[in-house]
There are 2 protein chains.
Amino acid sequence: MSQQTERVNNEPLLTELESFFSALADRTRLEIVLLLLRKEGASVQDMVKELGKSQSLISHHLSCLRNCGIVKMEKRGKFSVYTLNGETVKDIMRTAIDHVGAHSKSILACDVIREEGS
Amino acid sequence: MSQQTERVNNEPLLTELESFFSALADRTRLEIVLLLLRKEGASVQDMVKELGKSQSLISHHLSCLRNCGIVKMEKRGKFSVYTLNGETVKDIMRTAIDHVGAHSKSILACDVIREEGS
DNA sequence: GGATTATATGAACATATATTCATATGAGAA
DNA sequence: TTCTCATATGAATATATGTTCATATAATCC
């Protein structure tokens, strides 16, 4: 019970953070986010051309990023123009880029991505 | 070719960011990180008791967090004491908590975590 | 020494998820 | 209207990954 009181109720926060970081934990979605970090505003076709992936794939991932509050979308004629959703996302990306720069060796060996050599 | 030159070579950065965010994209690992955000330094047994999960599970996840440069470990007798690895991790966590707080509705509907209602 | 405690890790399995394919919607052009 | 172009999305599949179980290592205590 004392253990229980000391334990913080993080249920909704945990779900939100898991969702948020999951959205950033994919190579294709990261490519999209980095692209939007360079150029403010891009259509689906822009991303298809720049990233060399299928329109279906890009749209699926944009749907994920949009639902997770990482990008926002604005209809312009028949185009959908996507931008990063606010400064916090940019802050996190910049800080994360700094962090991995300072720890690249250990991170590249991380077994979430690939098993260490046999 | 002009397309090629405009395209930034992000290969290692992408792999590192994917690895980093993947490490944070799991509920159990987030529980560990949030715990270490509250109390500086915790042994595996501390986490087992506080989080109510098996020792094996905690150790597996700590291995991941350690490899990805999110936590660091210090042997103290037969205990392994874990702490967050630097201020950048704390910054990212705090900014992410702010962000999801400002977007909780859309994030809770994110289909990375669960399908939207039929 | 043996026993106990603390931690790490390999293997197996069940589930989650990224990608592809097919197709639907919707806007603008002819 | 009909024909493209731009985008979104459901279904299917292959792969990735979280969890459990069993066990190994290593330190401390008796």
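Throughout, protein chains are lettered first and strands after them, A, B, ... in sequence-line order, and every chain is numbered starting at 1.
- Put simply, the side chain of B:Asp98 never gets that close to the backbone of B:Thr95: no donor and acceptor are under 3.5 Å apart.
- Checking the phosphate oxygens (OP1, OP2) of C:dA6, no side-chain nitrogen or oxygen of B:Tyr82 falls inside 4.0 Å.
- One finds no side-chain N or O of A:Ser80 lying less than 4.0 angstrom from the OP1 or OP2 phosphate oxygen of D:dA6.
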Heavy-atom protein contacts under 4.0 Å, nucleotides 21-30 of chain D, coded B base, S sugar-phosphate only, - none: BB----SS--
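- Computed from coordinates, the A:Lys75 NZ to C:dA27 P distance equals 8 Å when rounded to whole Å.
- Relative ring orientation between A:Phe21 and B:Phe21 is described as parallel, the plane-to-plane angle staying below 30° on a 0-90° scale split at 30° and 60°.
- As rounded to whole Å, 18 Å separates atom P of C:dT7 from atom NZ of B:Lys53.
- Residues satisfying the salt bridge (Lys or Arg N to Asp or Glu O under 4.0 Å) test with A:Glu40, not counting sequence neighbours, are A:Lys90.
- Rounded to a whole Å, the CD1 atom of A:Ile58 is 11 Å from the P atom of D:dT7.
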Show which side-chain atoms of residues 77-86 of chain A pair as donor or acceptor with protein atoms under 3.5 Å away, not counting sequence neighbours.
| unit_1 | atom_1 | unit_2 | atom_2 | d |
| --- | --- | --- | --- | --- |
| A:Ser80 | OG | A:Lys75 | NZ | 3.2 |
| A:Tyr82 | OH | A:Arg66 | NH2 | 3.4 |
| A:Asn85 | ND2 | A:Gly69 | O | 3.1 |

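- Heavy atoms of A:Met47 sit nowhere under 4.0 angstrom from any nucleic acid atom.
- Summarising the geometry, the separation between CD on B:Gln45 and P on C:dT4 is reported as 16 Å, rounded to the nearest angstrom.
- Computed from coordinates, the A:Leu51 CG to C:dA18 P distance equals 16 Å when rounded to whole Å.
- Candidate nucleotides D:dT20, D:dT19, C:dA6 were compared by shortest atom distance to the side chain of B:Ser54, and D:dT20 ranks first.
- The separation between B:Leu62 atom CG and C:dA6 atom P is 15 Å, rounded to whole Å.
- The CZ-P distance, from B:Arg27 to C:dT17, rounds to 12 Å in whole Å.
- A salt bridge between A:Arg29 and B:Glu18 is absent, with no side-chain N of the basic residue lying under 4.0 Å from a carboxylate O of the acidic one.
- Closest to the side chain of A:His61, out of D:dA8, D:dA6, C:dA18, is C:dA18.
- Here B:Glu74 does not pair with B:Lys72 in a salt bridge; the nearest charged N to carboxylate O distance is not below 4.0 Å.
- Going from atom CG of B:Leu24 over to atom P of D:dT17 covers 15 Å, rounded to whole Å.
- The structure places CD1 of A:Ile92 at 12.0 Å from CD1 of A:Ile97, a figure rounded to the nearest 0.5 Å.
- Across D:dA8, D:dG18, C:dA8, the shortest atom-to-atom separation from the side chain of A:Val44 is found for D:dA8.
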